[in-house]
Number of protein chains: 2
Amino acid sequence: MATGSAAKKSEPEPLVILEQFLPYRLNVLAGLTSSALAQIYADRFGLSIPAWRVIVTLGQYEARTARDMAPDGVMHKSTVSRAVSALEKRGLVVRRPNLDDRREEWLALTPDGRAIYEAVAPEALAVEERLLSVLTPQEQKTLAALIDKLTRQARVLAPQSAEEGDS
Amino acid sequence: MATGSAAKKSEPEPLVILEQFLPYRLNVLAGLTSSALAQIYADRFGLSIPAWRVIVTLGQYEARTARDMAPDGVMHKSTVSRAVSALEKRGLVVRRPNLDDRREEWLALTPDGRAIYEAVAPEALAVEERLLSVLTPQEQKTLAALIDKLTRQARVLAPQSAEEGDS
DNA sequence: CACAATTCGTTGCACCGGCAACGAGATTCT
DNA sequence: AGAATCTCGTTGCCGGTGCAACGAATTGTG
């Protein structure tokens, strides 16, 4: 008790300073970067965030099942399901049955889908680069390492994941 | 062209590696920390993310208008409006008209609201601390600086903000 | 002073995403 | 083989949130 000068009536001291609170700052930053990215994939290509992730994943892996799309529970399976349906309807993704396990289906980009991928990806990378341009290469490495550490720890503290956000 | 070995038929190389893509990783991390925090303010106190932010802000500043609640456009004004309504209905926040400008109203915590604030805040800080416990004090300072730099830059790249996430 | 232009906050609308229940298919145990 | 259990993916439902239009109030301008 009796810290410093003020022991007045009801002079409530702030316990949390939002601007310095790590989770808050992480969310602001993540939100801003998402916003910057959305200009590309949403405004210019009509892709939702989950759709963008599906496109990128298929561009990266050639063929995956819907479940593989959410390795660590970052996206909900219902979210993936709806994103894939939308992409299929637009002719950007095709499904082929997996004969070994007929519960799941293989997903792949169509030529149109790949075309979009090849149009969006470089621009997304450009945004990332512009973001990182304010950091030195050394700082970038440090940042990556810190994010890794924190993510591992956050995965321990969070329930069983499934968050949502964007990329 | 002719990079390395493969110039096969249609051997599409991945352009973006999601797991290394900064915006993605930031969103995963932010989502996980939100998830960890939500255990506290949502599950235990029935607060939504915006409600939590309103409570913290009022705990910090004593009295603010609804508009002050979203300084940099982090929350939408409609989001704030609904959060305040909900909190008022629960008797955690009161409004008092601002006679100088009757378009806006002053918001403040009720005793009940402050009680909740004083119960939640320490726990939220504890989560933050557990998160940061995997970093040395030096790393924590570095992290804060990097987040600052990136946030400033992201604010330049993003349209005029308004993202959403949580704290 | 009157009239436009701006600002604060609310609300109807639509969309998005999580949850949980479900059906179809696979796996395991007896 | 048959029954219970588990897994993949879809879908109805609901709460949350952004958007845009709006009413009320204030500010600026002729």
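In what follows, chains carry the letters A, B, and so on, assigned in the order in which the sequence lines appear, proteins first and then strands, with residues in each chain numbered from 1.
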**Of the listed nucleotides dG18(D), dT26(D), dG9(D), the one nearest the side chain of Thr79(B)** = dG18(D)

**Rounded distance in Å - CG (Leu99(A)) to C1' (dG25(C))** = 13 Å

**Prompt:** What is the distance from CG of Asp101(A) to C1' of dT7(D), rounded to the nearest Å?
**Reply:** 8 Å

**Request:** Round to a whole Å and report the spacing from CD of Glu105(B) to P of dA24(D).
**Result:** 15 Å

**Message:** Please report the distance, rounded to the nearest Å, between CZ in Arg64(B) and P in dG9(C).
**Reply:** 12 Å

**Message:** Quick one: does any side-chain atom of Tyr41(A) pair with a main-chain N or O of Ala124(A) as donor and acceptor, under 3.5 Å?
**Reply:** no

**Message:** Any non-hydrogen side-chain atom of Tyr61(A) less than 4.5 Å from a side-chain atom of Asp68(A)?
**Reply:** no

**Message:** Rounding to an integer number of Å, can you tell me how far His76(B) NE2 sits from dT10(C) C1'?
**Reply:** 12 Å

**Prompt:** When the distance from CG of Asn98(A) to P of dA24(C) is rounded to whole Å, what number comes out?
**Reply:** 19 Å

**Prompt:** Is it true that Arg90(A) and Asp112(A) make a salt bridge, defined as a side-chain N closer than 4.0 Å to a carboxylate O?
**Reply:** no

**Asked** Starting at OH of Tyr41(B) and ending at P of dG16(D), how long is that distance when rounded to a whole Å?
**Response** 13 Å

**Item:** Residue pair Val127(B) / Ile40(B), side-chain heavy-atom distance below 4.5 Å
**Value:** yes

**Item:** Pairing pattern in dot-bracket form [Watson-Crick, G-U; both distances under 3.5 Å; | = partner strand] for DNA chain D
**Value:** ||||||||||||||||||||||||||||||

**Fill in**
In whole angstroms, the gap separating P of dT27(C) from CD of Glu104(A) amounts to 10 Å

**Complete:** When rounded to the nearest 0.5 Å, the distance separating CD1 of Ile55(A) from CZ of Arg114(A) is 10.0 Å

**Request:** Quick one: pull up CZ in Arg95(B) and OG in Ser85(B) and give me the separation to the nearest 0.5 Å.
**Result:** 4.5 Å

**Item:** Residue mapping more 5' on DNA chain D - nearest nucleotide basis, Val80(A) or Arg103(A)
**Value:** Arg103(A)

**Item:** N or O in side chain of Arg67(B) less than 4.0 angstrom from dT10(C) OP1/OP2
**Value:** no

Using atom names, set out every protein N or O paired with an N or O of nucleotides 11-16 of chain C below 3.5 Å, distance rounded to 0.1 Å.
residue : atom : partner  : partner atom : Å
dG12(C) : O6   : Arg82(B) : NH1          : 3.4

**Request:** Please say which of Thr142(B), Leu26(B), Leu22(B) ends up in a side-chain contact (heavy atoms from CB on, under 4.5 Å) with Leu143(A).
**Result:** Leu22(B)

**Item:** Shortest non-hydrogen separation from Leu131(B) to Leu157(A) and the atoms involved
**Value:** N-CD1, 3.8 Å

**Asked** Less than 4.5 Å apart, any side-chain heavy atom of Met75(A) and any of Met69(A)?
**Response** yes

